[in-house]
Amino acid sequence: MNYDWTLWGLFILLGLVTTLPRASFIVLGERAALPENLQKALRYAPAAALAAIVAPDIFVTGGELSLLSPRLAAAAAAVTAALLSKNPWLPFIAGMGVLWGLA
Amino acid sequence: MSPSFRDGLREGFFGYLPLSVGLIPWALVTGLTMAGVGFTPLQAMGMNVIVFAGTAQLGTLPLIAAGAPVWLMVVTAFVLNLRFIIFSAAIARGFRGVPAGARWLSGHLLTDGAFAHCLEKMLSHEDPRWRLGYYLGPSLWSWLLWQVFAFCGVMAAGSIPRGWSLEFMATIALIVLLVPMARLRPMLVAALVGGGLAVALRGMPLRLGVIVAIVCGIAAGFAAERWRGKDLP
């Protein structure tokens, strides 16, 4: 796929929504604080967001729910490897191995 | 460079060095994935330097490849970065007495690893110059490793055929991040609700379903924590 100059605009926007949260309280210092309940709720944001991105990628093929796809089997292999081993490479080897084996 | 800054820099760097090896596979995978969605080496390294956030990069790459609307990618990256607001609030006191310019640089360089490694001493040490050195040692080292090994990944991808579906490595990388989180019950609830709704609502226009799914996932995790009456550690 080819991308035009607008890709650089997107990078800058993504950079802003990364640096601003990171710098927020480090730059503001003692001048600001976050309500405790909001802090607690925000801890669930990464898990909810990661699952919301990953799930359609592995459960949906061509717009339809599909429970027998190579992607789903590959994801299951990656989850198993991540649960059973601390080796950072193993989920990739298992997942890509299953994907290539079935595709 | 003051002697106490240099002492802090040295202590922070050597303490973090063994842990930093864990960054290498992530940087390689991110490089491979950026090349996998069709970025040129310049575009890939541009993203790597400007965004400098593995999770946000890996999370948005499938959306970029699918031609999703810009606002969705920006919101997704922001949500994946929300944890940094908490980290930033937690470590902020460690920057008392540090000038504003150095605070912006430190904020830009804040990573999960540097936060976890530096938090305790940042809060307890008295000398602001020592603290800044202690934080910047691991942070600058992480930045360098991230750029070098992402570049290796981008260049290695050129010798791998297209039919190998390298973009699926982003999905696996996100799974590897998700699995240890989901060991905690309320986190698992947040993930199941977020993932389930994202699939169920995939027909919503402008991919709004993803955002609805994330918001409901956060609410479900929070509700599960309350219902169990126990706080996360």
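Values in this document were obtained by computation on a predicted structure and should not be read as measured data. Here is the naming used below: chain letters follow the sequence lines, and residue numbers restart at 1 for every chain. Only this structure's heavy atoms are used, side chains among them; waters, hydrogens and symmetry mates stay out.
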| message | Please find the pair of heavy atoms, one from B:L178 and one from A:A47, that lie closest to each other, and give the distance. | response | CD1-O, 3.6 Å

| task | Answer yes if the ring centres of B:F39 and A:F11 are under 6.0 angstrom apart, and no otherwise. | result | yes

| Closest approach of A:L14 and B:M47, non-hydrogen atoms and distance? | CD1-CE, 4.0 Å

| said: Assess the residue pair B:I50 and A:W8 against the criterion (side-chain contact (heavy atoms from CB on, under 4.5 Å)); give the C-alpha distance rounded to whole Å, side-chain angles, the decisive distance to 0.1 Å, and a yes or no. | reply: CA-CA 9 Å; B:I50 296 170; A:W8 291 91; 4.1 Å; yes

| Interface residue of largest heavy-atom contact number with chain A, from B:L174, B:I172, B:V75, B:L28, under 4.5 Å | B:I172

| Is chain B contacted by the side chain of A:F59, its backbone, both, or neither, given a heavy-atom distance below 4.5 Å? | side chain

| message | Between A:A77, A:A78, A:A41, A:G9, who has the most heavy-atom pairs with chain B when the cutoff is under 4.5 Å? | response | A:A41

| field | Minimum-distance pair of heavy atoms, taken over all atoms of A:L65 and B:R202 | value | N-NH2, 3.4 Å

| message | At a 4.5 Å cut-off on heavy atoms, which part of B:F95 comes close to chain A: side chain, backbone, both, or neither? | response | side chain

| note | Under 4.5 Å to a heavy atom of chain B? For A:V60 that would be side chain

| request: Taking the side chain as every heavy atom from C-beta outward, state whether A:N37 and B:R226 have any atom pair closer than 4.5 Å. | output: yes

| remark: Whatever's closer than 4.5 Å to a heavy atom in chain A on B:V79 counts as both

| request: Please determine, among B:A213, B:G217, B:G46, B:A56, the option with the most heavy-atom pairs under 4.5 Å with chain A. | output: B:G46

| query | Pick from B:R183, B:R93, B:R83, B:R96: which one has the most heavy-atom pairs with chain A under 4.5 Å? | reply | B:R183

| query | Hey, which of A:I58, A:L28, A:D57, A:L16 has the most heavy atom pairs under 4.5 Å with chain B? | reply | A:D57

| query | How far apart are the C-alpha atoms of B:I64 and A:L7, what are their side-chain angles, what is the distance that settles it, and do they pass the side-chain contact (heavy atoms from CB on, under 4.5 Å) test? | reply | CA-CA 9 Å; B:I64 295 176; A:L7 188 67; 4.3 Å; yes

| Pairwise distance CD1(A:I53) to OG1(B:T76) - rounded to 0.5 angstrom | 5.5 Å

| query | How long is the span from the CZ atom in A:R22 to the CZ atom in B:F52, to the nearest 0.5 Å? | reply | 6.0 Å

| field | Straight-line distance of B:L188 CG to A:Y44 OH, nearest 0.5 Å | value | 11.5 Å

| request: May I ask you to test the B:N81-A:L20 pair for a side-chain heavy-atom distance under 4.5 Å? | output: no

| field | Portion of B:L32 that has a non-hydrogen atom of chain A nearer than 4.5 angstrom | value | neither

| Heavy-atom pair count under 4.5 Å with chain A, highest-scoring of B:A173, B:G94, B:P62 | B:A173

| Side chain / backbone / both / neither for A:L83 at chain B, heavy atoms under 4.5 Å | both

| 4.5 Å side-chain heavy-atom contact, B:F84 and A:T19 | no

| task | Any chance you could measure A:L38, atom CG, to B:F222, atom CZ, to the nearest 0.5 Å? | result | 9.0 Å

| What are the two closest non-hydrogen atoms of B:R103 and A:V27, and how far apart are they? | NH1-O, 3.7 Å

| field | Top of A:G95, A:G15, A:P21, A:A82 for chain B proximity - count of heavy-atom pairs under 4.5 angstrom | value | A:P21

| remark: When rounded to the nearest 0.5 Å, the distance separating OG1 of B:T40 from OH of A:Y3 is 10.5 Å

| query | chain A: which of B:A77, B:A89, B:A100 shares the most heavy-atom pairs with it under 4.5 Å? | reply | B:A89

| remark: Heaviest contributor of heavy-atom pairs below 4.5 Å to chain B, chosen from A:I12, A:L42, A:L50, is A:L50

| field | Atom of A:R43, atom of B:M187 and distance for their closest heavy-atom approach | value | O-CE, 3.2 Å

| Contact part of B:A53 toward chain A, heavy-atom cut-off under 4.5 Å: side chain, backbone, both or neither? | both

| note | Of A:G63, A:A45, A:A74, the largest count of non-hydrogen pairs under 4.5 angstrom with chain B goes to A:A45

| field | OG1 on B:T60 to CG on A:L13, rounded to 0.5 Å | value | 11.5 Å

| said: Restricting to non-hydrogen atoms, name the atom on B:G107 and the atom on A:I26 that form the minimum distance, rounded to 0.1 Å. | reply: CA-CD1, 4.1 Å

| request: Against chain A, work out which of B:Q43, B:Q57, B:M169, B:M181 has the most heavy-atom pairs shorter than 4.5 Å and name it. | output: B:Q43

